Q: 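Sending over a structure as C-alpha cells; questions will come in a sec.
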Amino acid sequence: MDESILKNQFLIAMPSMEDENFSHTVSLLCEHNDNGAIGLVINRPTDLKLADMMEQMGLEHEALNDEQIVYWGGPVQPERGFVVHRTPGGWESCLQVDSDLFITTSRDILKAIGKGEGPQDYFVVLGYAGWGEGQLESEILHNAWLNTDVSQQILFETPARDRWQAATRLLGVDVTQLAGNAGHA
C-alpha cells in the first residue's frame with residue numbers, strides 16, 4: 001500500500017470482529033506510514049464528563065455543559081487525550097489530518113474550550129489504537145476491517161451509537177440486513 005493511503009479514512013470493524021476492544025467500532029485513521037498506523041475510536045462514549053475531566057486537570061470549564069462526554073479512543077496510552085476538531089487555531093501540538101480536520105493533543109485547546117473560545121465542532125478522546133509495521137494491512141487482507149473516506153457529518157453530527165452503522169452505509173452496506181447481525185449497532 002502507498003504510504004499514508006489510509007490516513008484520513010474511517011476504519012470500520014467487520015461484524016465478525018471478535019476483539020471486544022474493537023467490536024462494532026469506527027476509527028479515524030490519523031496516521032499511516034511504513035512504521036504502522038494510529039487511529040482514534042470515535043463511537044465509544046465513556047461515563048466521564050468532559051467538565052469533570054477538565055476539573056481534575058485544574059482547567060476552567062464554565063463554558064461546558066454537563067452533557068459533553070469523553071470518548072474511549074483505544075487501548076494504547078488511555079491517559080493521553082486527543083481533541084478532534086474542524087477549525088485550525090494555532091494550537092501548540094496540532095496534526096492536520098485533512099484540509100478541515102485536525103487533532104490536537106496540547107492543553108491550550110482544552111483551556112480555550114473551557115472558556116468557550118475553542119473550536120465549535122470538536123470532541124475529546126482518551127487513548128488510541130496503534131498498529132505496527134504491516135499489521136493493519138494484514139488485518140485488512142484478513143477481512144477484519146473495511147475502510148472508507150471520512151464523513152465529517154458522522155464525526156460531528158451523528159450520535160455515537162449510530163456511527164458504526166452510518167459508516168457502513170458509506171460503503172453501500174446496511175449492516176442491519178446482514179444475517180446474524182440484527183440488533184448490533
Side-chain angles (χ1 to χ4, degrees), residues 1-48 50 68-86 95 97-98 101-103 105 121-185:
M1 288 188 185
D2 293 337
E3 187 169 317
S4 293
I5 194 167
L6 297 175
K7 181 178 178 178
N8 192 33
Q9 293 272 303
F10 278 153
L11 192 63
I12 304 165
M14 291 290 287
S16 59
M17 172 71 73
E18 293 180 11
D19 184 338
E20 280 302 311
N21 282 322
F22 298 106
S23 177
H24 293 89
T25 60
V26 179
S27 298
L28 169 63
L29 283 170
C30 316
E31 196 61 63
H32 178 245
N33 57 41
D34 290 339
N35 298 321
I38 295 175
L40 301 173
V41 176
I42 64 160
N43 65 326
R44 288 270 174 94
T46 68
D47 293 331
L48 179 61
L50 182 56
Q68 292 170 284
I69 51 93
V70 176
Y71 289 82
W72 178 84
V76 182
Q77 290 186 326
E79 72 287 350
R80 186 168 181 198
F82 300 84
V83 180
V84 179
H85 57 98
R86 285 189 178 169
L95 170 69
V97 179
D98 195 20
L101 184 61
F102 302 85
I103 297 171
T105 58
D121 296 319
Y122 72 91
F123 60 93
V124 176
V125 300
L126 291 176
Y128 66 91
W131 294 266
E133 179 182 345
Q135 181 182 0
L136 181 56
E137 294 85 345
S138 176
E139 290 179 11
I140 289 172
L141 288 173
H142 288 94
N143 296 318
W145 304 100
L146 294 173
N147 63 290
T148 187
D149 292 334
V150 165
S151 161
Q152 295 226 1
Q153 180 179 359
I154 292 172
L155 277 175
F156 298 108
E157 299 168 28
T158 304
R161 68 181 176 278
D162 300 330
R163 290 178 183 171
W164 182 75
Q165 191 169 348
T168 63
R169 284 194 198 113
L170 294 174
L171 300 164
V173 177
D174 181 353
V175 293
T176 62
Q177 301 303 312
L178 298 176
N181 194 50
H184 293 287

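Positions are given from 1, in the same order as the sequence printed here. Not measured: the values here are computed from a predicted model.
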Q: Of Glu137, Gln9, Lys7, which meets side-chain hydrogen bond (donor to acceptor under 3.5 Å, both in side chains) against His32?
A: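 That would be Glu137.
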Q: How long is the gap from CD1 on Ile12 to OG1 on Thr168, to the nearest 0.5 Å?
A: 6.5 Å
Q: Do Ile103 and Leu40 come close enough that some side-chain heavy atom pair is under 4.5 Å?
A: yes
Q: Using atom types as modelled and distance alone, determine if a side-chain donor or acceptor of Arg163 lies under 3.5 Å from a backbone N or O of Val26.
A: no
Q: How far does CD1 of Ile154 sit from CZ of Arg169, to the nearest 0.5 angstrom?
A: 9.0 Å
Q: If you look only at pairs with a residue in residues 123-136, which of them pass as a side chain to side chain donor-acceptor pair (under 3.5 Å), with sequence neighbours excluded?
A: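 Residue pairs passing side chain to side chain donor-acceptor pair (under 3.5 Å), neighbours aside: Trp131-Glu139, Gln135-Glu139.
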Q: Answer yes or no: is there a donor N or O on one side and an acceptor on the other, between the side chain of Thr25 and the main chain of Trp164, under 3.5 Å?
A: no
Q: Among residues two or more places apart or on two chains, list those pairs meeting salt bridge (charged side-chain N to carboxylate O under 4.0 Å, His left out) that have a residue in residues 142-157.
A: Arg86-Glu157
Q: Output side-chain donor-acceptor pairs under 3.5 Å for residues 70-84, partner residues at least two apart or in another chain, one line each.
A:
none

Q: Can you tell if the side chain of Ile140 reaches within under 4.5 Å of the side chain of Leu11, non-hydrogen atoms only?
A: yes
Q: Which residue pairs pass the salt bridge (charged side-chain N to carboxylate O under 4.0 Å, His left out) test when at least one of the two sits in residues 15-24, sequence neighbours left out?
A: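 As it turns out, there is no salt bridge (charged side-chain N to carboxylate O under 4.0 Å, His left out) pair with a partner in residues 15-24 once direct neighbours are skipped.
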Q: Can you list everything that forms a side-chain hydrogen bond (donor to acceptor under 3.5 Å, both in side chains) with Thr105? Sequence neighbours excluded, please.
A: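 Counting only residues at least two positions away or on another chain, Thr105 forms a side-chain hydrogen bond (donor to acceptor under 3.5 Å, both in side chains) with Ser93.
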Q: Closer than 3.5 angstrom, by distance alone: can the side chain of Asp121 be matched with the main-chain N or O of Leu155 as a donor-acceptor pair?
A: no
Q: Decide yes or no for Leu28 and Val125: does some side-chain heavy atom of the first lie under 4.5 Å from some side-chain heavy atom of the second?
A: no
Q: Could you tell me whether the side chain of Phe123 reaches within less than 4.5 Å of the side chain of Leu50, counting heavy atoms only?
A: no
